[in-house]
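Notes follow the structure.
Every chain is numbered from 1 and lettered A, B, ... according to where its sequence line falls, protein lines coming before strand lines.
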2 protein chains.
Amino acid sequence: MVRKTKEDAELTRLSIIDAARIVFLARGVSRTTLEHIATQAEVTRGAVYWHFKNKAEIFHALRDQAFLPLIDRMDDMLAVENTNDKTSNKQEDPLTQIENSLCHTIVELNSDLQMRQTYEIMMIKCEYVEDFATVLQEILNNCSSITEKIQLAYERAKSLNLLSGSHSPRALALDTHLFFSGLLHMWVKDADGSRFRFQAIELIKSHVDLRRK
Amino acid sequence: MVRKTKEDAELTRLSIIDAARIVFLARGVSRTTLEHIATQAEVTRGAVYWHFKNKAEIFHALRDQAFLPLIDRMDDMLAVENTNDKTSNKQEDPLTQIENSLCHTIVELNSDLQMRQTYEIMMIKCEYVEDFATVLQEILNNCSSITEKIQLAYERAKSLNLLSGSHSPRALALDTHLFFSGLLHMWVKDADGSRFRFQAIELIKSHVDLRRK
DNA sequence: GTTTACATACATTCATGTTTGTATATAATA
DNA sequence: TATTATATACAAACATGAATGTATGTAAAC
């Protein structure tokens with residue numbers, strides 16, 4: 001049980017990230033030792049230090065694994081209508097596009113335990129200081145970009161005369177973004193699911209409906 | 001510089017909580033030592049251990065100091081109209097009541113640096129595990145109770161025929177709660193204020209307006 | 001005189017980073 | 001193709017620096 005092939009080494013790397021997720025979730029990021037992670041991954045700290053510089057690097061790897069794909073997917077679902085692609089979300093009306101992209105995120109979280117756990121870690125098991133503060137800024141940037149996409153969708157909806165009332169697409173987008181941000185937080189904190197988890201989809205539909213003519 | 005009067009001791013206690021806030025904010029809760037807090041408060045760890053059992057107890061004290069008053073105030077502003085009290089928020093229409101209670105919280109946060117810092121600690125400088133997990137549950141309970149108050153206000157608004165559309169007060173309340181929860185999070189994370197801090201009031205007004213007939 | 005409100009000193013545990021050791025994969029060379 | 005060299009992927013040991021909790025000391029208040 002010593003030297004492995006490159007493929008084995010990659011598996012070790014992944015299992016360390018996997019282990020980190022489990023231990024971070026249970027003990028919080030600060031309180032988990034590299035020893036904890038190593039034990040969970042059934043390796044020694046030597047292996048951990050071989051693959052990662054320190055705990056922060058593991059944290060970043062974990063984030064990249066779960067966060068980025070979801071952000072990308074959301075971005076994609078909010079993209080401008082593309083008439084060549086009949087199978088995608090893009091032929092829906094803009095409001096339905098918004099609704100679908102939000103719902104999709106929730107569905108993903110519901111079906112993917114690991115992603116759910118990672119979100120929980122990022123939201124309530126991590127202190128955003130020093131090495132971790134940058135992650136927060138990145139998240140904020142992602143949020144901004146998504147808000148802009150939502151705004152564009154609302155602008156399309158407006159020009160298609162789909163909106164009730166006369167609110168600015170900007171204000172609508174910010175409101176939607178804050179709603180969804182709050183929903184994700186509550187969704188994560190609501191461990192037993194009694195408050196938000198089981199009605200998240202409903203809440204999204206209701207939120208979007210409020211804007212529909 | 002040894003034994004003090006009861007009043008002096010109470011001042012020491014408060015200065016320890018004050019110091020904890022400063023250090024928690026800068027270093028995160030986990031990474032701050034009781035030594036850090038003691039130094040900041042210009043006492044020794046002896047004094048800290050005299051007044052508090054451990055770090056978690058300081059954390060709880062800090063929370064009680066900043067959180068509870070704000071919650072109470074919000075609760076109060078959402079209370080049922082009281083015709084005897086002409087000076088309060090209670091003579092406003094229910095939707096304005098909701099708007100005011102949300103705005104009030106933001107104004108408070110804007111004017112009270114310490115409260116703002118405490119919120120920041122609770123949201124992004126603390127890991128909710130073990131000793132701290134209970135705090136999260138308490139926060140969730142507070143949220144539930146506020147949501148209920150908001151729902152009651154929406155019900156009053158509905159019976160006064162102030163609402164546009166035909167959405168249920170329950171759905172409206174949840175939506176508002178999630179919006180505000182998201183707003184608080186963003187408000188706190190948005191350190192330089194460029195994204196949310198300076199337009200929070202506007203966003204609240206716009207959110208409530210969306211529901212007004 | 002006793003309790004209070006601390007300061008100081010001590011003991012222990014624990015986490016981190018580094019260093020060293022080592023078996024094996026892989027590339028180089030002959 | 002067989003041999004050798006080197007880099008890889010770890011394990012194990014070590015050294016250091018905290019951080020915690022407790023125990024003890026002490027001066028002033030009551």
Problem set entry | Atom-to-atom span, CH2 of A:W50 to C1' of C:dA25 - whole angstrom | 13 Å
Exercise. Just how far, in rounded Å, is C1' of D:dA18 from CZ of B:R31?
Worked result: 14 Å
Exercise. Does A:T12 place a side-chain N or O at less than 4.0 Å from the phosphate oxygens OP1/OP2 of D:dA9?
Worked result: no
Exercise. Salt bridge check: are B:R63 and B:E138 linked by an N-O gap of less than 4.0 Å?
Worked result: yes
For this session: Return the orientation label for the B:Y128 and B:F59 ring planes: parallel under 30°, perpendicular over 60°, tilted otherwise.
Result: perpendicular
Problem set entry | Nearest-angstrom distance from the residue atom CD1 of A:I58 to P of C:dG17 | 10 Å
For this session: Give the rounded distance in Å between these two atoms: CD1 of A:I16 and P of D:dA9.
Result: 12 Å
Problem set entry | Min side-chain heavy-atom separation B:L102-B:T176 under 4.5 Å | yes
Problem set entry | B:T5 side chain near D:dA28 phosphate (N/O to OP1/OP2, under 4.0 Å) | no
Exercise. Want to settle it: does A:L34 or A:G46 sit nearer the 5' end of DNA chain C, counting the closest nucleotide to each?
Worked result: A:L34
Exercise. Given atom OH of A:Y49 and atom P of D:dA13, what is their separation to the nearest angstrom?
Worked result: 17 Å
Problem set entry | 4.5 Å side-chain heavy-atom contact, A:E108 and A:H104 | yes
Exercise. Between atom CG in B:D8 and atom P in C:dA7, what is the gap in whole Å?
Worked result: 12 Å
Exercise. Rounded to the Å, how far apart are B:K53 NZ and D:dT20 P?
Worked result: 14 Å
For this session: Under 4.0 Å between any heavy atoms, over every strand shown, what does A:T33 touch: base, sugar-phosphate, or nothing? Just pick one.
Result: sugar-phosphate
Seminar exercise, completed: Here the distance between atom C1' of D:dT16 and atom CZ of A:R45, to the nearest Å, is 12 Å
Exercise. Where the side chain of B:H51 is concerned, which of C:dC6, D:dC10, D:dT20 is the nearest nucleotide?
Worked result: C:dC6
